[in-house]
Amino acid sequence: MRITALNPDFVGEVSDIDISAKLSSDAVAAIEAGMDRHAVLVFPGQTLTDEQQCTYSRNFGELEATLIGQMSKPAERRLGAVEIGDISNLDPAGRLRARDDSRRMYSLGNRLWHSDASFRATGAGYSLLSARVVPGAGGNTEFADMRAAYDALEDATKAEIEDLVTEHSIAFSRGELGFSDYGAGNEDKVRPVRHRLVRTHPVTGRKSLYLSAHIGTIVDWPMPEARAFIRDMTEHATQPRFVHAHRWRVNDLVMWDNRTTMHRVRRYSDLREVRDLRRTSIKGTAMTAPQAPALAAE
């Protein structure tokens, strides 16, 4: 296995490995070391079934059930397992979704800069996205390096944000786009959770920003000031010098560390084209901040 850096210390391309096969412990450790250094790894030419993707993903921890899968009835899901995120424009019958389809409206939130599952108290570790069908143009995924963004802050700003705690909810990010249809009985799944704004990587000890479109406020700050500040921080963290754009090819698998990156998908204009990607995510293992009393009591 070889890892070729696509940018200095950010994004690597992996060759000479077949991730559909059972991996040795040494191979898994080498991939984890690559993730610690590069934060994003691209594995081209990996023809995977959903089951093989899940098996590979489990090398790195317990799989997380997708939020939309948990909020949907089985008949509303195109893919069987709730651990497989359906990142496509297809309905359960395999037909293209209408432009005003509610599920498509929900998915438009992926165009906002975010960290997967930051709306959960432990967030997510790695996410792994496999490209099965890609459009002819557009639909790239951009990744932003939150480690480099933190390093570039002035010392005074680093001191100011060191102990800040933010509140995340998917209701906030989707609300920014005018979406609020989560279905009855799902209120607990969109309740805000708390995370530190500055995180320290458990292996490298390197600090990074933990930003996401899911952030609705900063604890103990007036909400308008908090939102303006988070917007400023996001503008800083997504400058071109911190961003890498991945142009998808069929059978690419890309994995990234949600603790040290943000990402977003870019628009593609031809709605007659199919875009079918499948995502698995690894559950986070620890909270970074105490939760609000009402949530902690549950």
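Summarising the geometry of Glu64 relative to Ala124, their closest heavy-atom pair is OE1-CB, 4.3 Å, with the distance given to 0.1 Å. Residues Ser127 and Ser281 share a closest heavy-atom pair of OG-OG, 2.9 Å.
Electrostatic pairing of Arg259 and Asp116 does not count as a salt bridge here, judged by no charged N lying under 4.0 Å from a carboxylate O. Between Glu162 and Lys207 there is a salt bridge, since at least one side-chain N of the basic residue sits less than 4.0 Å from a carboxylate O of the acidic one. Between Asp91 and Arg97 there is no salt bridge, since no side-chain N of the basic residue sits under 4.0 Å from a carboxylate O of the acidic one. A salt bridge is defined here as a Lys NZ or Arg NE, NH1 or NH2 lying under 4.0 Å from an Asp or Glu carboxylate O, and Arg147 with Asp145 meets this definition. Comment: Arg249 engages Glu13 in a salt bridge, judged by a side-chain N to carboxylate O separation of less than 4.0 angstrom. Asp50 and Arg278 are joined by a salt bridge, as a carboxylate oxygen and a charged side-chain nitrogen come within less than 4.0 angstrom of each other.
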Show every donor-acceptor pair shorter than 3.5 Å between a side-chain atom in residues 26-45 and any protein atom, with sequence neighbours excluded, or say none if there are none.
residue: Arg37; atom: NE; partner: Asp9; partner atom: OD1; Å: 3.1

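If you check the side chains of Trp113 and Ser212, you find no donor sitting under 3.5 Å from an acceptor. Defined by atom type and a distance below 3.5 Å, a donor-acceptor pair is missing between the side-chain atoms of Glu167 and Thr217. Between the side chains of Arg267 and Ser269, not a single donor N or O lies within less than 3.5 Å of an accepting N or O. In the model, Tyr268 has a side-chain atom that pairs as donor or acceptor with a side-chain atom of Asn89 under 3.5 Å.
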Item to check | Worked check of side chain to side chain donor-acceptor pair (under 3.5 Å) between Asp101 and Tyr106 | outcome: CA-CA 9 Å; Asp101 180 272; Tyr106 175 90; over 6 Å; no
Item to check | Residues His168, Phe119; criterion ring pair (Phe, Tyr, Trp, His ring centres under 6.0 Å); working and verdict | outcome: CA-CA 5 Å; His168 298 233; Phe119 49 77; 9.2 Å; no
Checklist entry - So Trp221 and Phe229, ring pair (Phe, Tyr, Trp, His ring centres under 6.0 Å) or not? Walk me through it. => result CA-CA 10 Å; Trp221 280 40; Phe229 184 79; 5.2 Å; yes
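For the atom pair CD1 (Ile215) and CD1 (Ile230), the distance works out to 4.5 Å, reported to the nearest 0.5 Å.
Note that Arg199 lies in the cation-pi zone of Tyr210, set by a 6.0 Å cut-off to the ring centre and a 45° limit from the axis.
Residues His214 and Phe172 keep their aromatic ring centres 6.0 Å or farther apart.
Applying the 6.0 Å contact sphere to CG of Asp220 captures no more than 12 heavy atoms from other residues, nucleotides or ligands.
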